[in-house]
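Report on one structure; see the data block that follows.
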Amino acid sequence: MDTSNPSVFVNAELLRMYVGRRVRAVIQVQSEGNGVIYGKSTDDNQITVKGSPPFSLSKFVEVIGIADTDKSIRADVWTNFGDSFDTSTFNQLCQLANGEFKPLFV
């Protein structure tokens, strides 16, 4: 596993803590156009993702990139997670990865 450029698990609420850093988030795609994807984070807040995915997007997508602002990510890695995804569990993972178990995550 390459740990030279780690990305932090975030939801929309946690994104503000990592502006300028590499992050990863799962969003439910709500709309897209002109290189911008609008989505709902696993904590039910909005995130804007900038970039051009290399394929058609499924309903749920993981994006990895740089947090541009407290509400947006400039993505360079896109992974389709299909049309069904347990957002609650991923949201709990974000909380654990940024809380008491932070040392366990890169």
Side-chain angles (χ1 to χ4, degrees):
M1 179 167 87
D2 180 12
T3 59
S4 62
N5 196 10
S7 54
V8 181
F9 287 96
V10 297
N11 56 27
E13 178 186 347
L14 294 165
L15 188 60
R16 63 182 165 78
M17 296 170 43
Y18 297 101
V19 173
R21 294 192 44 206
R22 192 162 178 79
V23 296
R24 68 174 55 214
V26 172
I27 62 165
Q28 180 179 351
V29 176
Q30 295 181 315
S31 65
E32 56 184 293
N34 297 326
V36 178
I37 311 298
Y38 299 97
K40 183 168 66 168
S41 176
T42 56
D43 61 356
D44 290 326
N45 292 306
Q46 294 296 121
I47 291 182
T48 301
V49 182
K50 301 171 187 172
S52 298
F55 43 76
S56 295
L57 298 176
S58 61
K59 184 175 180 179
F60 292 95
V61 178
E62 180 187 52
V63 294
I64 301 174
I66 304 298
D68 267 351
T69 70
D70 63 345
K71 299 284 187 211
S72 69
I73 299 170
R74 187 173 14 94
D76 55 21
V77 177
W78 305 77
T79 305
N80 277 333
F81 275 14
D83 293 329
S84 177
F85 185 77
D86 186 348
T87 57
S88 176
T89 299
F90 187 86
N91 197 56
Q92 289 175 341
L93 172 65
C94 292
Q95 297 297 325
L96 292 171
N98 287 279
E100 123 182 56
F101 296 104
K102 191 173 186 175
L104 297 176
F105 294 85
V106 177

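Only a predicted model underlies this, so the values are computations on that prediction, with no experimental measurement involved. For this chain, numbers begin at 1 and follow the sequence in order.
- To the nearest 0.5 angstrom, Trp78 atom CH2 is 11.5 Å from Ser58 atom OG.
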When the side chains of residues 27-39 are checked against the rest of the protein, which donor-acceptor pairs come out under 3.5 Å, sequence neighbours left out?
unit_1, atom_1, unit_2, atom_2, d
Gln30, OE1, Gln46, NE2, 3.0

Side-chain donor-acceptor pairs under 3.5 Å in residues 59-68, sequence neighbours left out?
unit_1, atom_1, unit_2, atom_2, d
Glu62, OE2, Arg24, NH1, 3.1
Asp68, OD1, Arg74, NE, 3.3
Asp68, OD2, Lys50, NZ, 3.3

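- Cluster annotation: Ile47 and Met17 are assigned to the same hydrophobic cluster (Ile/Leu/Val/Met/Phe/Trp/Tyr, side-chain heavy-atom contacts under 4.5 Å, transitive).
- Taking hydrophobic clusters as Ile, Leu, Val, Met, Phe, Trp and Tyr residues chained together by side-chain heavy-atom distances below 4.5 Å, Phe85 shares a cluster with Leu96.
- Taking CD1 from Ile73 and CG from Leu15, the interatomic distance works out to 5.0 Å, rounded to the nearest 0.5 Å.
- How far OG of Ser7 is from OH of Tyr18: 11.5 Å, rounded to the nearest 0.5 Å.
- Asn98 places a side-chain N or O within donor-acceptor distance of the main-chain N or O of Phe9, the cut-off being under 3.5 Å.
- Separation of atoms CG (Asn91) and OG (Ser41) is listed at 6.5 Å; rounding is to 0.5 Å.
- A donor-acceptor contact shorter than 3.5 Å links the side chain of Asp43 to the backbone of Glu13.
- In this structure the side chain of Gln95 never reaches within 4.5 angstrom of the side chain of Thr42, judged on heavy atoms.
- Not one N or O on the side chain of Asn45 forms a donor-acceptor pair closer than 3.5 Å with the backbone of Asn11.
- The closest side-chain heavy-atom distance from Arg22 to Asp76 is below 4.5 Å.
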